[in-house]
Amino acid sequence: MVKKYPMKGPFHATDKGLSRRSVLKAAGAAAAAAPFALSAPNVLAADKTVRFLNAEPSVDSVRAMRFAAAQYEKETGIRVQMDSVPGGKAFEKLQASIQSGRPYDIATLSFVGDVLLLANEKKIVPLNQIISKYDWGPRILFPMQGDNYWYPYDYNLCWVNYRKDLYAAKSLQEPKDWASMQGNLAALMGDGENQLRHGIVHPIGSNGAANYTAFGYMWANGVELFDDNWNVVLDSPEMLPKAAEYLDFMADMTQYMPPSPMQAGWANLVGDFQGGIISHTPGTGRLIDQMNLTMPDQAQQVSSFLFPSKDGQKFAVNHGYDGWVVLDTAMTDEALKFLEWFSDEHLINFLHSSPVHYQPTRLDIYEDPRWQSHPAFETFGDILAMQKRVLEDPNVIIRSIDTEGPEPDVRAGKVFRSYALPEMLQDRILNGTSATESVKAAAEKIRKVIAT
């Protein structure tokens, strides 16, 4: 049975939130460049091939997927063709396949707004039968009008990775509030023994890296963008002081960062940490899995903590997620059969291809001996235990720009793509605007963005 968790509201799509006009307008430039074909012919029914667009292109993940595909063909005679692309290219590739008349049957997506668009255009089918078989964690299913259109396979949460060997050398504890966070950064920054040149990097440019890694402290501090009626509350009497505190904190944090945070991106989050330039970096378990392949000794010196609030009463992770959708094609039935078979027989093997990064979304997996058998449970047991604790702790906030609001809706996606919040950081840090005025400007931009 599907376990339901409260969010800020019912978190199902309303008629207003899923109107054809609002969803199409939110598709943005990508949708305009590759519009959907409303009646694409299905041409692959005869050859019994399920076409799977995989957006996890790492060698180990692709190997796990292809092994499952080969096993399925051996057992059923149905071929599963795996095409792999980087995650950022998946939606564009999927659109192109629909327009060409040869749509994929299963595809990986990483943005609820894209799922909304496809569901509204009736390009994907509900997965209720598969979803109902399992017990799911909080804030991950995103049902729309009672139907579940995607199968989420990992949480992809963003926290702060740090060098625990340096912490031990300086007798530091994981930070519990903003003051101790800055104190730790200062203690580990310098030219002395067990110190590095800089403390942390937080991108603040108008890009996805900033949207994903810079706002954990803000969520922990209790900031929300919308109320339950989609009114913008960022500059309300309740939220404005909390958001302003966050901006001032981030301005102070720049003294511990490498120069030019405006130009920092994904590569800096990984490269600066692996290169010994910074002692902390926001991100996921992907960093640890990658380091464990090429520098296992250094990987074992990495641990993680959650974004703290100013007073240490709450903690947060920035939400992220990845999942699969099944398209409405001549091979839909076969695609559903494969996805259900894969979910039962090979999902854990796939998750093991990046065990610290791929945090399970299904609660039953955490207790499965197959999942717990991976060596990562010995090497990185503290991080894996923290991941599960995040889902159960009422003092941990799981938020992100694209999941803000009372239910899944394209308005949150518009805010995500507008970069209104990174620009709020830029106003305070680069332009010298006061924190209060920066918050007010961001709130006004959000109002304009969701009104169009």
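Only this structure's heavy atoms are used, side chains among them; waters, hydrogens and symmetry mates stay out.
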Exercise. Would you indicate whether the side-chain heavy atoms of N318 and T213 approach each other to under 4.5 Å?
Key: no
Exercise. Determine, step by step, whether T433 and N431 satisfy the side chain to side chain donor-acceptor pair (under 3.5 Å) criterion, reporting the C-alpha distance in whole Å, the side-chain angles of both residues, the deciding distance to 0.1 Å, and the verdict.
Key: CA-CA 6 Å; T433 307; N431 300 333; 5.1 Å; no
Practice problem: Considering non-hydrogen atoms only, spot the tightest contact between V302 and I383 and give its length. | Solution: O-CD1, 3.9 Å
Quiz item: Taking atom CG of L196 and atom CZ of R163, what is their separation to the nearest 0.5 Å?
Solution: 5.5 Å
Quiz prompt | side chain to side chain contact (heavy atoms under 4.5 Å, CB included), paired with L269, selected from T284, I200, T281, N161 | solution = T281
Quiz item: Is a side-chain donor or acceptor of T361 paired with a backbone partner of P152 at a separation under 3.5 angstrom?
Solution: yes
Quiz prompt | Sub-4.5 Å side-chain heavy-atom contact between I365 and L351 | solution = yes
Exercise. Can you establish whether the number of heavy atoms outside R447 located under 6.0 Å from its atom CZ is more than 12?
Key: yes
Exercise. Could you tell me if the ring centre of F52 sits under 6.0 Å from that of Y104?
Key: no
Quiz prompt | Between F350 and H352, ring centroids under 6.0 Å | solution = no
Practice problem: Can you label the angle between the Y358 ring and the Y153 ring as parallel, tilted or perpendicular, going by 30° and 60°? | Solution: perpendicular
Self-check item: Flag, side chain of T108 to backbone of A55, donor-acceptor distance under 3.5 Å
Solution: yes
Quiz item: Between F215 and Y246, what is the ring plane arrangement, given parallel below 30°, perpendicular above 60°, and tilted in between?
Solution: tilted
Quiz item: Would you say the side-chain atoms of E404 and W230 include a donor-acceptor pair closer than 3.5 Å?
Solution: no
Quiz prompt | Student check: side-chain heavy atoms of I98 and L327 closer than 4.5 Å | solution = yes
Self-check item: Aromatic ring proximity, centroids under 6.0 angstrom, F111 and F91
Solution: no
Quiz item: Do the side chains of Y151 and E340 get nearer than 4.5 Å, heavy atoms only?
Solution: no
Exercise. For K242, look at atom NZ and say whether over 12 heavy atoms of other residues, nucleotides or ligands are found less than 6.0 Å away.
Key: yes
Quiz item: Below 4.5 Å, heavy atoms only, C-beta onward: do K440 and L240 meet side chain to side chain?
Solution: yes
Practice problem: Dump the intermediate steps for side chain to side chain donor-acceptor pair (under 3.5 Å) on S309 and N221, then the final yes or no. | Solution: CA-CA 5 Å; S309 63; N221 215 37; 5.0 Å; no
Practice problem: State whether the side chain of E444 and the backbone N or O of A441 hold a donor-acceptor pair below 3.5 Å, judged by distance alone. | Solution: no
Quiz item: Where is the tightest heavy-atom contact between A316 and L306, given as atom of each residue plus distance?
Solution: O-CB, 3.7 Å
Quiz item: Can D248 and R428 be said to form a salt bridge (charged side-chain N to carboxylate O under 4.0 Å, His left out), step by step?
Solution: CA-CA 8 Å; D248 286 337; R428 171 63 183 88; 2.8 Å; yes
Quiz prompt | Spacing of I288 atom CD1 and Q298 atom CD [to the nearest 0.5 Å] | solution = 13.5 Å
Quiz item: Which heavy-atom pair separates V325 from Y149 by the least distance, and what is that distance?
Solution: CG1-O, 3.4 Å
Quiz item: Can you find a heavy atom in the side chain of L247 that is under 4.5 Å from one in the side chain of M424?
Solution: yes
Quiz prompt | More than 12 heavy atoms of other groups within 6.0 Å of K170 NZ | solution = yes
Practice problem: Identify the two heavy atoms, one from P258 and one from D272, that lie closest to each other, and give their separation to 0.1 Å. | Solution: CG-OD2, 4.1 Å
Quiz item: Under the side chain to side chain contact (heavy atoms under 4.5 Å, CB included) criterion, do L430 and L425 qualify, and how do the steps go?
Solution: CA-CA 8 Å; L430 302 180; L425 281 171; over 6 Å; no
Quiz item: Are F307 and M181 close enough, and set up right, to give a side chain to side chain contact (heavy atoms under 4.5 Å, CB included), and what steps lead you there?
Solution: CA-CA 9 Å; F307 292 96; M181 177 74 183; over 6 Å; no
Exercise. For N54 and D83, indicate whether the former's side chain and the latter's backbone hold a donor-acceptor pair under 3.5 Å.
Key: no
Quiz item: Between H202 and Y256, does any side-chain donor sit less than 3.5 Å from a side-chain acceptor?
Solution: no
Quiz item: Minimum heavy-atom separation for P203 to A210, with atom names?
Solution: O-CB, 3.4 Å
Quiz item: Step by step, would you call E174 with S303 a side chain to side chain contact (heavy atoms under 4.5 Å, CB included)?
Solution: CA-CA 10 Å; E174 292 183 356; S303 194; 4.2 Å; yes
Quiz item: Looking only at heavy atoms, which two atoms of A186 and Q195 are closest? And how far apart?
Solution: O-NE2, 4.5 Å
Quiz item: Does N194 reach the side chain of D165, with side-chain heavy atoms less than 4.5 Å apart?
Solution: no
Self-check item: T403 OG1 to F142 CZ distance, which is reported to the nearest 0.5 Å
Solution: 5.5 Å
Self-check item: D114 bridged to R417 by N-O distance under 4.0 Å
Solution: yes
Self-check item: W150 side-chain N/O to L141 backbone N/O, donor-acceptor pair under 3.5 Å
Solution: yes
Quiz item: So, the side chain of N229 versus the backbone of N231: is there a donor-acceptor pair under 3.5 Å, distance only?
Solution: no
Quiz item: For the residue pair Y162 and Y167, does the interplanar ring angle fall in the parallel (under 30°), tilted (30 to 60°) or perpendicular (over 60°) class?
Solution: tilted
Quiz item: Can you tell me if H319 uses its side chain to pair, donor with acceptor, with the backbone of N156 under 3.5 Å?
Solution: no
Quiz prompt | Q426/S206 under side chain to side chain contact (heavy atoms under 4.5 Å, CB included): CA gap, chis, key distance, verdict | solution = CA-CA 9 Å; Q426 294 161 28; S206 299; 3.2 Å; yes
Exercise. Check the surroundings of atom NZ in K164: do more than 12 heavy atoms from other residues, nucleotides or ligands lie under 6.0 Å from it?
Key: yes
Self-check item: Side-chain donor or acceptor of S180 paired with backbone N/O of K176 under 3.5 Å
Solution: yes
Exercise. Nearest 0.5 Å please: distance from the CD atom of E224 over to the CE atom of M239.
Key: 4.0 Å
Quiz prompt | Sidechain-backbone polar pair: Y321 side chain, I140 backbone, donor-acceptor under 3.5 Å | solution = no
Practice problem: Evaluate the ring planes of F342 and W324, with Trp represented by its six-membered ring, and classify them as parallel (under 30°), tilted (30 to 60°) or perpendicular (over 60°). | Solution: perpendicular
Exercise. Give me the ring orientation class for Y134 and W136: parallel if the planes are under 30° apart, tilted from 30 to 60°, perpendicular past 60°.
Key: perpendicular
Quiz item: What do you reckon, is NZ of K310 surrounded by more than 12 foreign heavy atoms closer than 6.0 Å?
Solution: no
Exercise. Could you tell me the separation between the CG atom of L421 and the CD1 atom of I446, rounded to the nearest 0.5 Å?
Key: 5.0 Å
Quiz item: Any salt bridge between E392 and R389, counting N to O under 4.0 Å?
Solution: no
Quiz item: Given the rule in the side chain to side chain donor-acceptor pair (under 3.5 Å) test, do S97 and S100 qualify, once you have shown the distances and angles that lead to the verdict?
Solution: CA-CA 5 Å; S97 77; S100 72; 5.8 Å; no
Practice problem: Step through the shown structure and confirm whether more than 12 heavy atoms of other residues, nucleotides or ligands are within 6.0 Å of CG on D382. | Solution: yes
Exercise. Determine yes or no for a side-chain-to-main-chain donor-acceptor pair under 3.5 angstrom, with S434 supplying the side chain and E437 the backbone.
Key: yes
Quiz item: To the nearest 0.5 Å, what is the distance between CG (D105) and CG (L53)?
Solution: 11.0 Å
